[in-house]
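As structure tokens, the structure follows; a few thoughts come after it.
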Protein chains: 2
Amino acid sequence: MRIGELAERTGLSRDTVRFYERTGLLTARRLPNGYRDFPPEAVPWLRYVRTAQALGFSLAEIARTGAELDGAPDAAERLSELLRQKIALIDERTAELAALRADLVERAASGCPLAPS
Amino acid sequence: MRIGELAERTGLSRDTVRFYERTGLLTARRLPNGYRDFPPEAVPWLRYVRTAQALGFSLAEIARTGAELDGAPDAAERLSELLRQKIALIDERTAELAALRADLVERAASGCPLAPS
DNA sequence: CTCGACCCTGGAGTACTGTCCAGGGTCAAG
DNA sequence: CTTGACCCTGGACAGTACTCCAGGGTCGAG
């Protein structure tokens, strides 16, 4: 798949895809004419990247775990494990948000929201 | 309170506090010698700033709502309202995380985590 | 052969959020 | 009066994540 299609299917810009390739987040073969050729897995991979990013990971961190995965024979299994870790992280974040919410509820109810807690 | 104390009590660096003042996130009176003099409310305000930042607001956005609040006679009431909005936002974020989690659970369970969904 | 849609590279520029530093002033204690 | 801890300004620099552009190549349709 060429860059335009990948960009469209992931909602990223071509420049962003090129940027991701430069930073090692993504690898592409090259067609004889020099055009990038992405495998179909690039689409879900980029979705994963966006997920991890939303969870607060930097692109560098994501690239690192991606590199570990790359070429591993049990890549699917490892990625499943990664996803399970992300799920645990989501549970943590959710708990943090719940705590924050409780704090805000309390502050909103009190007459003095900025009082030191 | 001078900048050093505020920095220590909020865990920020002096430079960060000065940066926040420059960007309008924070206002300070000046002592006759030119030193910044922060009111005690600056401490919980900065805590709020960090909270809002963690929820994905840019400093500019935070400064804007802060400016709306500033000088209002019903500042406490308005801030309570803001906090209620933040709570709604937290609920949204929590829901997003739940959806993401469900997706990841499904992917992790399937043998092929990167298959297009 | 030309046109338009697509692709390439290299490099500059942007926004945000800091962080560091030089050069210099203030002030209380000893 | 000196010393050390504190404060000031202005400006350079950094890391992250893009975004845009100039200048130019590729390719299928008409």
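Numbers restart at 1 for each chain; the letters A, B, ... are given by sequence-line order, proteins then strands.
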I'd like to check the side chain to side chain donor-acceptor pair (under 3.5 Å) partners of R2(B); sequence neighbours left out, ordered by chain and number. none
Not counting sequence neighbours, which residues clear side chain to side chain donor-acceptor pair (under 3.5 Å) with T16(A)? List them please. S13(A)
Tell me, do L26(A) and V49(A) make a side-chain contact under 4.5 Å, heavy atoms counted? no
Where does DNA chain C form stems of at least three consecutive Watson-Crick or G-U wobble pairs, each pair having both distances below 3.5 Å? C:1-30 with D:1-30
What residues, two or more places apart in sequence or in another chain, satisfy side-chain contact (heavy atoms from CB on, under 4.5 Å) together with Q53(A)? Y20(A), R50(A), L59(A), I62(A)
Per the salt bridge (Lys or Arg N to Asp or Glu O under 4.0 Å) rule, what does the pair list look like for residues 26-35 of chain B, sequence neighbours excluded? E21(B)-R30(B), R29(B)-D37(B)
Quick one: label L31(A) by what it contacts on the DNA or RNA (base, sugar-phosphate, nothing), any heavy atom closer than 4.0 Å. nothing
Assign each of E5(B) and N33(A) to its nearest nucleotide of DNA chain D by heavy atoms, then name whichever residue's nucleotide is nearer the 5' end. E5(B)
Counting heavy atoms not belonging to E8(A), are there more than 12 under 6.0 Å from its CD? no
What is the distance from CG of L12(A) to C1' of dC18(D), rounded to the nearest Å? 11 Å
Is any side-chain heavy atom of M1(A) less than 4.5 Å from a side-chain heavy atom of V43(A)? yes
Return a single string for nucleotides 14-22 of chain C, one symbol per nucleotide in 5' to 3' order, where B is base contact, S is sugar-phosphate-only contact and - is none, cutoff 4.0 angstrom on heavy atoms. ---BBSB--
